[in-house]
Amino acid sequence: MAAAHGRMSEGADGLGDVKDTEEADRHSGAAGPPAFRAAVDALRACRLRPQVEVEPTPAPQRLAPYAYALEAVVVDGDQELADGRLVLLHDPAGHDAWRGTFRLVTLVRAELEPEMAADPLLPEVCWSWLTGALQARGLAYGEPSGTVTRAGSHYFGGLADRPPASQIEIRASWTPREGLGGVPDAAAHLASWCDLLAQVGGLPPAGPGDASVVTLPQRRGPQSR
């Protein structure tokens with residue numbers, strides 16, 4: 001994974017460079033209102049369990065005036081068990097659909113064992129992992145929405161020796177409630193997201209947890225390192 005780098009155009013008058021640099025800053029946490037900069041600083045300073053490797057990545061530039069993105073992989077030895085992306089959006093003017101000025105958007109995915117992929121309740125269970133991860137840390141949030149998708153691949157011809165493969169994908173967004181100074185607890189939301197990644201990847205909880213919590217068994221992830 002590579003850190004985000006702003007792209008600069010080569011305008012003859014130099015104005016293109018300035019404009020593109022400013023745009024890159026808006027989506028790298030280097031610029032923006034104090035609330036956005038504070039939230040990004042909290043994301044950068046958050047300490048996470050060692051099996052989850054997190055790095056900044058280029059943020060989408062059309063979803064909100066300000067955005068900051070992270071990508072992560074859950075690692076066990078030389079295997080990646082799950083991966084994902086988390087984007088923090090900020091619109092100082094507020095957003096009707098968000099009912100707030102911040103929004104978190106995520107993609108999480110992992111390979112599935114065949115018996116897990118066949119479980120008809122798997123989408124509901126995976127969605128409950130997301131909401132449960134937020135609730136377990138006592139986080140206030142609103143307007144959650146998203147999808148859980150199962151995808152299966154069967155191989156033929158020259159690839160016929162490969163076993164069938166299945167993948168789960170969670171796409172979701174929610175509005176973190178703002179605290180003092182209009183800043184959400186971004187670090188806690190990142191930690192809960194990493195809890196979700198670890199659970200989808202089949203890792204046990206980092207600390208004492210509810211014995212009723214179900215996790216996917218450890219498996220070969222989307223990629224080999």
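In this chain, numbering begins with 1 at the start of the sequence shown. These figures come from a predicted structure and were not determined experimentally.
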request  = Answer whether the closest heavy-atom distance between the side chains of E55 and L70 falls below 4.5 Å.
outcome  = no
ask   = Partners of P123 by side chain to side chain contact (heavy atoms under 4.5 Å, CB included), sequence neighbours excluded?
value = V148, R150
inquiry  = Can you tell me how the ring of F36 sits relative to the ring of F102, calling it parallel under 30°, perpendicular over 60° and tilted otherwise?
reply    = parallel
request  = Go through the structure and list residues passing side chain to side chain contact (heavy atoms under 4.5 Å, CB included) with T106, not counting sequence neighbours.
outcome  = L86, V108, A172, W174, W193
request  = Would you indicate whether the side-chain heavy atoms of L89 and L104 approach each other to under 4.5 Å?
outcome  = no
message = Can you confirm whether Y68 sits close enough to H90 that some side-chain heavy atom of one is under 4.5 Å from a side-chain heavy atom of the other?
response = no
ask   = Does some side-chain heavy atom of C46 sit less than 4.5 Å from a side-chain heavy atom of L43?
value = no
request  = Output the distance between atom CD (Q51) and atom CG (L197), rounded to the nearest 0.5 Å.
outcome  = 12.0 Å
ask   = Which is it for R109 and I168 under the side chain to side chain contact (heavy atoms under 4.5 Å, CB included) test, yes or no, and what are the steps along the way?
value = CA-CA 6 Å; R109 61 185 181 180; I168 192 74; over 6 Å; no
message = Return the CG to CD distance between L81 and Q199, rounded to the nearest 0.5 Å.
response = 13.5 Å
request  = Would you sort out whether L190 and L48 count as a side chain to side chain contact (heavy atoms under 4.5 Å, CB included), showing the intermediate values?
outcome  = CA-CA 9 Å; L190 173 58; L48 305 167; 4.2 Å; yes
ask   = Is there side-chain contact between W127 and P144, with heavy atoms separated by less than 4.5 Å?
value = yes
Contact summary for P184 and P176, nearest pair of heavy atoms = CB-CB, 3.8 Å
ask   = How far apart are the closest heavy atoms of P60 and L63, and which atoms are they?
value = CG-CD1, 3.7 Å
ask   = Which residue pairs pass the salt bridge (charged side-chain N to carboxylate O under 4.0 Å, His left out) test when at least one of the two sits in residues 124-149, sequence neighbours left out?
value = R99-E143, R137-D195
key: Point-to-point distance, once rounded to the nearest 0.5 Å, from CD1 of I170 to CG of L107   = 9.0 Å
inquiry  = Show me the pairs that pass salt bridge (charged side-chain N to carboxylate O under 4.0 Å, His left out) and involve residues 168-187, at least two apart or across chains.
reply    = E169-R171
task = Heavy atoms only: give me the nearest A72-V54 pair and the separation to one decimal.
result = CB-CG2, 3.7 Å
Closest contact, heavy atoms only, G142 versus R103 = O-NH1, 3.7 Å
message = Using 0.5 Å steps for rounding, measure from the CD atom of E80 to the CG atom of D78.
response = 10.0 Å
key: Reported SG-to-CD distance for the pair C194 and E53, which is rounded to 0.5 angstrom   = 11.5 Å
query = So how far is it from T175 OG1 to W98 CH2, rounded to the nearest 0.5 Å?
reply = 8.0 Å
inquiry  = Walk me through whether Y66 and D91 qualify under side chain to side chain contact (heavy atoms under 4.5 Å, CB included).
reply    = CA-CA 7 Å; Y66 301 93; D91 186 342; over 6 Å; no
ask   = Okay, side chain of R37, backbone of G32: is any donor-acceptor separation there less than 3.5 Å?
value = yes
request  = Using side chain to side chain contact (heavy atoms under 4.5 Å, CB included) as the criterion, list what pairs up with V183, not counting sequence neighbours.
outcome  = A35, A38, A39
message = Is any side-chain heavy atom of P58 closer than 4.5 Å to one of E71?
response = no
task = Could you pull out all residues at least two apart from L159 that satisfy side chain to side chain contact (heavy atoms under 4.5 Å, CB included)?
result = Y155, R162
remark   = Between A187 and A42 the two heavy atoms that sit nearest each other are CB-O, 3.8 Å
